[in-house]
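Numbering of residues begins at 1 and proceeds along the displayed sequence. For the numbers below, each heavy atom of this structure counts, side chains included, while hydrogens, waters and symmetry mates do not.
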Amino acid sequence: MFDWWRERQRDKLLQEPFQEAWERALQRNVKHYLRLPDEQRKELRDLVQVFVAEKNWEGCGGLELTDEMKVTIAAQACLLVLARPHKLYDDVESIFVYPSAVMRPKQEQGVFIRSRELVAPGPTALLGEAHVRGPVILAWDRVLRDGKNPTDGHNLVYHEFAHKLDMEDGSPDGTPELATRAEVERWRDVCERSFLTLRKRIERGEHTFLDAYGATNEAEFFAVATEHFFDQPRELKRVDPDLYAILSGFYHQDPASMGA
């Protein structure tokens, strides 16, 4: 009954034209949007309309949320599920947006939280968090910077919403919900090998293509790998073709084949 009602509401939403101001925001703030073929741009716009309407948005730390902010965040989150079966993050009821990084005591821990942090002595500068069965927290200045600079391998929205995909099976362990046992075994074989290689290279003080934050644990590895998959797909495919292939199969996308 609820699914039927929700689909009716979504159909009504999509009867409304996509606002021109929203289109301009996408072109200005989400450069990956410009790489998509026309058909996928239309699909992404549809997802954005629904996502913006269905989520509870809260500006924090004095931030006054605008439609431009919501659309910019929504487009990057929805890009991850653009081509795969999804429930449009139905476990994300609220999105809390701060103007910039939030400082918190170093010792504070969240048992069921995965986060993207600027690690430094003393207090931690928190850029974003994804809570199991809870909200996503984002720093707007970082969201905007990452959306406009899609080739440096860093994207806060991709990172936190990859965590939400990882959490869909109830276990934020770096292995998202997959259809078959064979897919799970293949995923773990490829990702564990890449994860351990990253850790060993960091321990030896070697330069790594993947962000060192991915060596924190398997969950962070998946989130970091997702950032590189969409931001630097050709480089990832060259450096670690097996990892690229497993992510391409999961997201049902091949960004390395897209134009710059």
Is the count of non-hydrogen atoms from other residues, nucleotides or ligands lying under 6.0 Å from [X] atom [atom1] greater than 12?
X: Glu58; atom1: CD; value: yes
X: Lys70; atom1: NZ; value: yes
X: Lys148; atom1: NZ; value: yes
X: Glu39; atom1: CD; value: no

Answer yes or no: is there an ion pair linking [X] with [Y], defined by an N-O contact shorter than 4.0 Å?
X: Lys42; Y: Asp38; result: no
X: Asp152; Y: Arg145; result: yes
X: Glu218; Y: Arg188; result: no

Please identify each residue that fulfils side chain to side chain donor-acceptor pair (under 3.5 Å) with Gln49, with sequence neighbours left out. none
Residue pairs involving residues 78-96 (criterion salt bridge (charged side-chain N to carboxylate O under 4.0 Å, His left out); sequence neighbours excluded):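 Counting only pairs at least two positions apart or across chains, the salt bridge (charged side-chain N to carboxylate O under 4.0 Å, His left out) contacts touching residues 78-96 are Asp91-Lys164.
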Between Tyr244 and Asp254, does a side chain to side chain contact (heavy atoms under 4.5 Å, CB included) hold up when you go through it step by step? CA-CA 9 Å; Tyr244 180 88; Asp254 184 15; 2.5 Å; yes
Test: ring pair (Phe, Tyr, Trp, His ring centres under 6.0 Å). Region: residues 67-97. Which pairs qualify, not counting sequence neighbours? Tyr89-Phe161
Test: ring pair (Phe, Tyr, Trp, His ring centres under 6.0 Å). Region: residues 25-44. Which pairs qualify, not counting sequence neighbours?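 Qualifying pairs: His32-Phe230.
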Please enumerate all residues that pass ring pair (Phe, Tyr, Trp, His ring centres under 6.0 Å) together with Trp140, with sequence neighbours excluded.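 Scan of Trp140 (ring pair (Phe, Tyr, Trp, His ring centres under 6.0 Å), adjacent residues dropped) gives none.
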List the atom pairs, donor and acceptor, that lie under 3.5 Å between side-chain atoms in residues 12-19 and the rest of the protein, sequence neighbours left out.
residue	atom	partner	partner atom	Å
Gln19	OE1	Trp22	NE1	3.4

Measure the spacing between CG of Leu156 and CD of Glu227 and express it to the nearest 0.5 Å.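 Spacing of CG (Leu156) from CD (Glu227) equals 7.5 Å.
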Any chance you could lay out the side chain to side chain contact (heavy atoms under 4.5 Å, CB included) test for Tyr213 and His159, step after step, and finish with the verdict? CA-CA 11 Å; Tyr213 193 68; His159 186 100; 4.0 Å; yes
